[in-house]
Amino acid sequence: MIGDFFYEAWYLSLRTLRRFFRVPANWIGIIFFPLIQLFVFSQLFKDIIQLPGFRSSGSGSYLAYLAPGQIAFTAFFAVAWSGSAILVEYRNGYMDKLRATPIFRVSILVGELAPLFIESAIMAGGILLLSVLLGATIKTGLIGAALILVLSGLFGMAWAGTSFVPALLTKSEQATGTLSLVFFPIAFMSTAFVPPALMPGWLQTVNSWNPITFLIEAIRPLMVSGYDWAAIGKALIAIAVLGLVLQSATLWAFRRLTA
Amino acid sequence: MISPIIEVENLVKVYPGGTRAVDGISFNVEPGELLGFLGPNGAGKTTTIRILATLLAATSGTARVAGFDVTTQAADVRRRLGLAMQTPTLDAFATGRENIELIGRMHRVGRAELKRRTDELLELMGLTDVARKLAGTYSGGMRRRLDLACALVHRPRVLILDEPTEGLDPQSRIALWEELERISRDGTTMLLTTHYMEEADRLCNRVAIIDNGRIVVDGTPANLKAGIGADSVTLQLEASGSEDMARLHEEVRGLLAGFESLESVTPEPFGVRLAIRDAGRAIPELMRRLDRNGHDVHVIGLAVGRPSLDDVFVKYTGRRIRTEAADQPLILGW
């Protein structure tokens with residue numbers, strides 16, 4: 001029974017990954033924005049690093065400060081529109097084709113969600129690699145890099161709910177695209193660009209709850225100083241809570257749609 | 001006695017909003033039969049099929065496929081069912097082979113068998129050469145055939161096809177008909193919907209005419225056509241004008257008075273249309289009567305039409321099927 005579920009989810013996930021990687025527009029679109037920010041902002045705001053608030057982050061250059069944020073942004077962008085694909089297949093009847101086979105209905109949803117771990121991790125890995133090429137460092141080496149990818153992948157999988165829930169509830173790609181914009185400020189208010197010490201009080205408060213900030217602050221020490229298990233633990237808890245809430249809602253919306 | 005492979009009893013589907021898409025349909029399909037649902041768009045064909053394919057819950061009534069109830073034993077039904085919907089539903093970013101293999105895996109076709117079966121189906125559908133190309137690059141006809149291959153990968157006992165040749169060019173349509181005939185000969189039971197008369201006529205052992213959510217009549221195409229009775233004989237007459245033609249209409253009526261095979265005479269601008277039983281045998285006598293001395297009825301053209309399923313459809317629904325063009329509602333979401 002559980003074996004059946006894993007069998008189905010495995011092959012449906014492979015299909016989803018194939019669909020993602022065979023269309024370069026998918027991954028170029030995800031990587032483009034973080035890449036530009038990394039390139040341009042690291043030059044544009046080069047001297048901002050001399051502000052006192054940056055010192056405690058341990059980053060030696062603004063590029064080094066910026067990189068963890070852009071890795072997190074990539075995981076964010078990797079799933080910002082992820083609900084559209086399932087919607088397209090709901091609309092064109094492919095989901096019915098799968099539903100008419102003797103599989104668990106939830107395998108279809110898991111086959112869409114699970115691959116987002118891989119997609120987010122690989123996309124984030126691309127930006128990690130580029131930032132290293134540009135001069136950023138990873139103090140914790142390959143193991144740290146692997147940890148960064150795992151954190152990014154987990155975050156992507158959890159955050160995907162922000163796209164799946166509107167997609168499954170509105171059944172509209174346009175609405176899904178537009179609603180994804182609502183979540184962009186959350187990414188921009190994070191500590192991706194400046195440390196909390198330089199932020200106004202209300203933004204500091206926002207960031208003590210911002211899941212993207214938890215992700216960034218777990219990645220940053222792995223790149224600039226060393227293992228900060230407290231930060232990693234906090235990020236994992238934030239991702240787990242986020243994932244539990246968002247994916248329960250996704251499951252509910254999916255059942256409602258396919259009832 | 002062999003029990004029917006599809007048993008449908010008093011099926012009703014009322015959509016939220018009150019539309020009675022299916023309004024008390026009952027029918028059986030015997031193993032090996034090829035039953036066609038003939039009807040205009042919106043008649044309830046697709047709704048019935050979706051219920052049988054376990055994709056939609058009926059409001060009331062029961063449906064069993066291969067002995068299993070579509071509501072309470074959906075998984076058992078799905079294992080024995082192949083389905084191809086109105087528009088081919090394929091993974092555009094997967095190759096032809098990958099499309100077939102995924103559906104096969106979902107049906108738990110074993111590894112070795114899956115390889116063999118996929119090769120066989122690709123060959124059968126003439127897709128071997130493009131098996132490694134993405135399905136998104138396929139033409140309409142290729143997409144249909146690939147969709148059909150997906151539906152057949154697990155050797156289903158029952159194949160359900162919704163408008164299998166919709167949107168195909170005539171050549172691809174005929175090729176697909178030949179394919180379906182072959183599958184039917186192999187013993188697969190088939191239920192298909194169509195709004196093409198020729199398709200129902202050529203393919204189906206039995207046709208059910210469905211209109212407004214009900215089956216209005218069902219039988220073999222031959223029996224249904226025989227129920228119409230007379231053939232139609234169209235005579236083109238030579239006349240010098242419309243008044244002359246009106247005079248000829250009366251003349252023909254007079255000449256044919258007492259002709260026992262004749263059922264009716266309908267005046268037409270170009271001549272007359274006659275309903276005549278067993279026209280093949282009656283035509284010599286018809287011509288003899290029209291050729292009587294002292295009359296100037298000159299027949300310059302003659303055409304004999306056998307009753308078509310089109311006529312059957314008109315008889316039972318009062319409309320022609322083709323005029324009921326697809327006017328499906330636009331889907332507007334926000």
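Because only heavy atoms are used, hydrogens play no part in the values below, and waters and symmetry mates are left out as well, while side chains stay in.
Residue A:Leu98 touches chain B through its side chain alone, counting heavy-atom pairs closer than 4.5 Å. Looking at B:Met106, the atoms closer than 4.5 Å to chain A (heavy atoms on both sides) sit in the backbone and in the side chain alike. For B:Leu55, the parts lying near chain A are the backbone and the side chain together; criterion is any non-hydrogen pair under 4.5 Å. For B:Leu56, no part lies under 4.5 angstrom from a heavy atom of chain A.
When every heavy atom of A:Pro102 is checked against every heavy atom of B:Ala75, the shortest pair comes out as CB-O, 3.9 Å. Shown here for A:Tyr94 and B:Leu102, the closest heavy-atom pair between the two residues is OH-CD2, 3.4 Å.
Two residues are said to be in side-chain contact when any heavy atoms from C-beta on lie closer than 4.5 Å; B:Arg78 and A:Ile103 fail this criterion.
Atoms CZ and CD, from A:Arg18 and B:Glu98 in turn, are 4.0 Å apart once rounded to the nearest 0.5 Å. With rounding to the nearest 0.5 angstrom, the CG atom of A:Asn26 is 7.0 Å from the CZ atom of B:Phe93. To the nearest 0.5 Å, the span separating CZ on A:Arg91 from OG1 on B:Thr89 amounts to 15.0 Å. With values rounded to the nearest 0.5 angstrom, B:Glu101 atom CD is found 9.5 Å from A:Tyr11 atom OH.
Across B:His154, B:Arg105, B:His107, B:Arg108, a single residue satisfies side chain to side chain contact (heavy atoms under 4.5 Å, CB included) together with A:Thr101, and that is B:His107.
Here A:Glu89 pairs with A:Arg15, A:Arg19 under the side-chain hydrogen bond (donor to acceptor under 3.5 Å, both in side chains) rule; sequence neighbours left out.
Looking only at heavy-atom pairs under 4.5 Å with chain B, the residue among A:Thr258, A:Asn92, A:Asp96 that has the most is A:Asp96.
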